[in-house]
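The residues of the chain are indexed from 1 along the displayed sequence. Remember, it's 1-based here, ligands and their atoms both numbered in the order they're listed.
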Amino acid sequence: MARVFITGSSDGLGQMAAQLLIEQGHKVVLHARGEQRGQQALAAVPGAESVVIGDLASIAQTRNVAEQVNRLGGFDAVIHNAAVGYQEPRRIATEDGLPHVFAINTLAPYILTALIQKPKRLVYLSSGLHQSGDASLKDLVWESRPWRGQQAYSDSKLHDVLLAFAVARRWPAVLSNALEPGWVPTKMGGRGAPDDIDQGHRTQVWLAVSNHKDATVSGQYFFHMQPRKPNPATRDTQIQDALINACSRLSGVDLP
Ligand SMILES: NC(=O)c1ccc[n+]([C@@H]2O[C@H](COP(=O)([O-])OP(=O)(O)OC[C@H]3O[C@@H](n4cnc5c(N)ncnc54)[C@H](OP(=O)(O)O)[C@@H]3O)[C@@H](O)[C@H]2O)c1
């Protein structure tokens, strides 16, 4: 049985993944943005070991999340699931002066990857929208581009795949993969989302704990437990390294 940490497990696919892992007999540590959401998360996922608290929009709080996780001991898998969606109407600046979407969806998984003691497996939630992400990585922090919420989200989901593949290359002993869950009716997906919610959380669970040969790979991209072709730019090691370098510069945290 495995021990798994899931970011953003107070709702949606993260919460569903936590519930499924516990049903399967695994140990799960949850994560929520604040104390109240943390209590709600624990109530919604009976059997969870504990909850780690921190707002991933803040670099300081994200660093603190990593410290809390490390104090809990080793994990077999970390699922980088937390994210915000594509409907932010303007560039919302975080306390660090970064766009909210970039801070939560790109920089937080980078910081947590760098600072949490290496698990055996890393799973990154991307989206089909990553296909239209901007692979030039120009103006990552939206200082010179006019704000476009959907583009910012698509860019961040491209970054998540680049991060998964960069880590797969740098850390050969760790299985590091990315996936898209389909467009499903969570808080982010919205009520009208057309895909099957019951499939939305299964691939991240499978990549985190299954010993099937198809799940014990690294540097791959999945949809519904099947390999899917990611944006070809995600295979470009120069773009991967450029993203890692930018995240290192913006966060002050180096990827070991
Ligand atoms: N739903 C879809 O159709 C869809 C499609 C493609 C990809 N995805 C990806 O799937 C993943 C899960 O999405 P979802 O649909 O389950 O979204 P969701 O229902 O909105 O849940 C997102 C989770 O992340 C947490 N979170 C957001 N911002 C946070 C912050 N600043 N600090 C800490 N926690 C934060 C939320 O906490 P609160 O509950 O407190 O807000 C919640 O637990 C995301 O990575 C998303 O990009 C979803």
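At a heavy-atom distance under 4.0 Å, atoms from both the backbone and the side chain of Asn81 approach ligand 1. Here Glu180 has no heavy atoms under 4.0 Å from ligand 1, in either its backbone or its side chain. Both the backbone and the side chain of Leu13 come within contact range of ligand 1, each with a heavy atom under 4.0 Å. Under 4.0 Å from ligand 1, the heavy atoms of Arg37 that appear belong solely to its side chain. The backbone of Ser126, and not its side chain, has at least one atom closer than 4.0 Å to an atom of ligand 1 (non-hydrogen atoms only; backbone = N, CA, C, O). By the criterion of a heavy-atom distance under 4.0 Å, the side chain of His31, and not its backbone, is placed next to ligand 1.
Between Asp55 and ligand 1, at least one N/O pair is under 3.5 Å apart. Considering backbone and side-chain atoms alike, Tyr153 places an N or O below 3.5 Å from some N or O of ligand 1. Between Ala32 and ligand 1, a contact under 3.5 Å exists for no N or O pair.
Cation-pi geometry between Arg228 and Phe222 is not satisfied (NZ or CZ under 6.0 Å from the ring centre, within 45° of the ring normal). For Arg202 and Trp206, the positive end is not near the middle of the six-membered ring at less than 6.0 Å and at most 45° from its axis.
Residues Cys247 and Thr106 approach most closely at SG-CG2, 4.1 Å, considering heavy atoms. The two residues Val253 and Arg63 come nearest to each other via the heavy atoms CG2-NH1, 3.3 Å.
Taking every heavy atom of Lys157 and a limit of under 4.0 angstrom, the matching atoms of ligand 1 come to 44 (C), 45 (O), 46 (C), 47 (O). Of all the atoms in ligand 1, the ones that sit under 4.0 Å from a non-hydrogen atom of Lys187 are 19 (O), 20 (O), 38 (P), 39 (O), 41 (O). Near Gly54, meaning under 4.0 Å from any of its heavy atoms, are these atoms of ligand 1: 32 (N), 33 (C). Every atom of ligand 1 is numbered from 1 in the order shown, and the set under 4.0 Å from a heavy atom of Trp183 is 3 (O). Within ligand 1, the atoms closer than 4.0 Å to a non-hydrogen atom of Ala82 are 24 (O), numbered from 1 in the order shown. Taking every non-hydrogen atom of Val84 and a distance limit under 4.0 Å, the qualifying atoms of ligand 1 come out as 28 (N).
Looking at atom 4 (C) of ligand 1, its nearest protein heavy atom turns out to be Gly182 O, 3.6 Å. Atom 22 (C) of ligand 1 has as its closest protein heavy atom Ala83 O, 3.8 Å. Looking from atom 1 (N) of ligand 1 to the surrounding protein, the closest heavy atom is Thr186 OG1, 3.0 Å. If you check which protein heavy atom lies closest to atom 17 (O) of ligand 1, you get Met188 CB, 3.4 Å. Atom 8 (N) of ligand 1 has Pro181 CG, 3.5 Å as its closest protein atom, hydrogens excluded (heavy atom only). Closest to atom 36 (C) of ligand 1, if we only count protein heavy atoms, is Ser10 OG, 4.0 Å. Gly8 CA, 3.7 Å is the protein heavy atom nearest to atom 25 (C) of ligand 1.
Partners of Asn245 by side chain to side chain donor-acceptor pair (under 3.5 Å), not counting sequence neighbours: none found.
Checking Gln240 against Asp236 by side-chain atom types alone, no donor-acceptor pair falls below 3.5 Å. At a cut-off of 3.5 Å, with distance as the only test, no side-chain donor of Thr7 or Asn81 sits close to an acceptor on the other residue. The closest side-chain donor-acceptor pair between Tyr221 and His130 falls under 3.5 angstrom. Glu95 and Ser58 are linked by a side-chain donor-acceptor pair at a separation below 3.5 angstrom, with hydrogens and angles left out of the test. Side chains of Gln68 and Arg71: a donor-acceptor N/O pair is absent below 3.5 angstrom, by distance only.
A ring pair (Phe, Tyr, Trp, His ring centres under 6.0 Å) with His80 is found for one member of Tyr110, Tyr124, Phe5 and no other, namely Tyr124.
The heavy atom nearest to atom 28 (N) of ligand 1, out of those in Gln40, His201, Met16, Arg33, is found in Arg33.
A salt bridge links Arg169 with Asp241: at least one charged nitrogen is closer than 4.0 Å to a carboxylate oxygen.
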